[in-house]
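Values in this document were obtained by computation on a predicted structure and should not be read as measured data. FYI, side chains are in, hydrogens and waters are out, and symmetry mates aren't considered; it's all heavy atoms of this structure.
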Amino acid sequence: GLEEENEAWGTGNLAKIRAYGGPTLIIHGAEDALISVAEARALYAASPAPDKILIEVPDAGHNDLFYHDTEGYLAAVAALTATVRAAGCN
């Protein structure tokens, strides 16, 4: 599972996201062949943040999220930025 893979690669992403409660945005390509969309879902589920968003971009892979949904991507980043500013997290 994700925890074992994170330990093997040394990324520890599950532990990191569990320790962070601030606004969280995860954008992931539904067709990502490098990192499974299941891992993005696991990170989202593990996040304790009350303000968290997971966006799965249809037909997108690992490095082409922006091209598949430029408007959605920019809107999500703008919304996160506004949330962070409003919360004084900057």
Exercise. Which residue pairs pass the side-chain hydrogen bond (donor to acceptor under 3.5 Å, both in side chains) test when at least one of the two sits in residues 55-66, sequence neighbours left out?
Worked result: D32-H62, R41-E56, D64-H68

For this session: List in chain and number order the residues that pass ring-ring contact (aromatic ring centres under 6.0 Å, His included) with Y67, two or more places apart in sequence or in another chain; answer none if no residue qualifies.
Result: none

Problem set entry | Taking every non-hydrogen atom, the tightest pair across I17 and T24 | CD1-CG2, 4.2 Å

Exercise. Between OG of S47 and NZ of K16, what distance do you get to the nearest 0.5 Å?
Worked result: 14.5 Å

Exercise. Are any non-hydrogen side-chain atoms of I53 and I26 less than 4.5 angstrom apart?
Worked result: no

For this session: Search all heavy atoms of A30 against all heavy atoms of P58 and return the closest pair with its distance.
Result: CB-CA, 4.1 Å

For this session: Report yes or no: does T83 contribute a side-chain atom to a donor-acceptor pair with the main-chain N or O of A79 at less than 3.5 Å?
Result: yes

Exercise. Do I35 and I55 belong together in a cluster built from hydrophobic side chains that touch within less than 4.5 Å?
Worked result: no

Seminar exercise, completed: G21 and P50 have their tightest heavy-atom pair at O-CD, 3.5 Å

Seminar exercise, completed: Distance col, row D51:CG vs L80:CG, nearest 0.5 angstrom, shows 8.0 Å

Exercise. Closest heavy-atom contact between L65 and G29?
Worked result: CD2-N, 3.1 Å

Exercise. Taking a hydrophobic cluster as the set of Ile, Leu, Val, Met, Phe, Trp and Tyr residues connected by side-chain heavy atoms closer than 4.5 Å, whether directly or through intermediates, do V37 and F66 fall within one such cluster?
Worked result: no

Exercise. Does any N or O in the side chain of K52 come within less than 3.5 Å of the main-chain N or O of L25, such that one atom is a donor and the other an acceptor?
Worked result: no

For this session: Would you kindly confirm whether V84 and Y73 end up in one hydrophobic cluster when ILVMFWY residues are joined by side chain heavy atoms under 4.5 Å apart?
Result: yes

Seminar exercise, completed: In terms of heavy-atom contacts, A49 and G22 come closest through CB-O, 3.1 Å

